[in-house]
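Bear in mind that the values here come from a model prediction, so they are computed numbers and not experimental data. The figures here come from the full heavy-atom set of this structure, side chains too, leaving out hydrogens, waters and symmetry mates.
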Amino acid sequence: MEFADVARELLLVAPANFVRERTARQRSLRKDDRALATRIGGLRKPAPAAWVIDLLAHDGSLDEAVELGPAIRQAQADADPDEIKRLRRQRSQVVAALAQAGADLASDDGHPVTPAVLDQVRATIEAAMVDPHAGAAVRSGLLVRPLESAGFDAVDLDGALADPDAVPDAWSGTDAEPISITSARRSRKGRRASRPEPESEQEPEPEPRVDPAAERRAAREAEAAARAESRDADAALDTAEQDLEAAEDRRADLERQLAEASAEVERAERARDQAAEASDRARDLLRAAQRHRRDVAR
């Protein structure tokens, strides 16, 4: 069994039950495939919005939305305002319908989601329409965090997939040869590092002015930082829960060993008492035999 296959199954489990199910699957695999069990133990718990997206991907519900993306991008390239308007209207309808379908799936599973989570679900679906790499990611069923589109920039997929190597198109794109996730990540970072930084204005402004673009960038950076902190906190929580479960397992083992030792002590005590009684009876018989021998000798 491949890691990606197991991950897809586990990511369909509601986040509230994820750690317990992951631990159970890890234990079941530990005897036959320790390496796979170790990878399963490191699988991140999905964010609620990512869980909803994975539910939709499992049902095949995201195909229409993702396939609508190329048509929208082509209409924008052709500068066809009527087609753009029609496709945007269709996009809004598709996104709204999918968000509702995701909410229904979550409720059917007994874990209804909040309006804020549904906002992230809608943003993720829209990102999948904008960027073909994001489209491949959301259809994979391996999403662990929601996505967001920022204008014409590529959607940030760092840390978005449980197994990025299982979804090469999420990085290489539909018109390129699939490449490994590590190569793609290095390539993207290299391109970002090679971009020239704009020269700063030397002359001071007479009055401070608010730059809307800078504010948007700052907001995106703050959100990215908050998302990273949230991921770190989730990872720390997962580790703590794993440590707690391991400690509980050790305690259960110790309690079982103690119970076995106590039973062994009780058995030994009973055997000692029985042996003492047998010894007393044997001594009594010996004394009786000695008295009988003396009586006969007289």
Considering all heavy atoms of both residues, which atom of [X] and which atom of [Y] are nearest to each other, and what is their separation?
| X | Y | answer |
| --- | --- | --- |
| L12 | W51 | O-NE1, 3.0 Å |
| Q26 | A37 | CG-O, 3.2 Å |
| G141 | L11 | O-CD1, 3.7 Å |
| F3 | R39 | CD2-NH2, 3.3 Å |
| L142 | D163 | CD1-O, 4.0 Å |
| V167 | A136 | CG1-O, 3.6 Å |

Quick one: [atom1] on [X] to [atom2] on [Y], what's the gap to the nearest 0.5 Å?
| X | Y | atom1 | atom2 | result |
| --- | --- | --- | --- | --- |
| D273 | E277 | CG | CD | 6.5 Å |
| L10 | R44 | CG | CZ | 14.5 Å |
| K45 | L43 | NZ | CG | 12.0 Å |

Does a donor on one side chain and an acceptor on the other come within less than 3.5 Å for S279 and R283?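 The answer is yes; a qualifying pair exists.
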
Considering residues at least two apart in sequence or located in another chain, which fulfil the salt bridge (charged side-chain N to carboxylate O under 4.0 Å, His left out) criterion with [X]?
| X | answer |
| --- | --- |
| D33 | none |
| R287 | D284 |
| E260 | R256 |
| E21 | none |

Salt bridge check, E269 against R272: does any charged N sit closer than 4.0 Å to a carboxylate O?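 Salt bridge absent between R272 and E269.
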
Salt bridge flag under 4.0 Å for residues R122 and E148: no

Would you check if [X] and [Y] make a side-chain contact, meaning some heavy-atom pair closer than 4.5 Å?
| X | Y | answer |
| --- | --- | --- |
| E67 | R139 | yes |
| E126 | S149 | no |
| D59 | L56 | no |
| L157 | L161 | no |

Determine whether H111 and N17 satisfy the following criterion, side-chain contact (heavy atoms from CB on, under 4.5 Å), listing intermediate values before the conclusion. CA-CA 10 Å; H111 297 274; N17 301 328; 3.3 Å; yes

Donor-acceptor pair, distance only, cut-off 3.5 Å: does the side chain of [X] make one with the backbone of [Y]?
| X | Y | result |
| --- | --- | --- |
| T124 | L147 | yes |
| S61 | A57 | no |
| R145 | P46 | no |

Show me the donor-acceptor pairs, under 3.5 Å and distance only, between side chains in residues 93-110 and residues at least two apart or in other chains.
unit_1, atom_1, unit_2, atom_2, d
Q100, NE2, D104, OD1, 2.9
S107, OG, A103, O, 3.1

Can V13 be reached from V19 by stepping across I, L, V, M, F, W or Y side chains whose heavy atoms are under 4.5 Å apart?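 No, V19 and V13 fall in different hydrophobic clusters.
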
Scan residues 2-11 for pairs that pass side-chain hydrogen bond (donor to acceptor under 3.5 Å, both in side chains), counting only residues two or more places apart or in two chains. E9-R25

Worked check of side chain to side chain donor-acceptor pair (under 3.5 Å) between R88 and S92: CA-CA 6 Å; R88 284 181 174 173; S92 297; over 6 Å; no

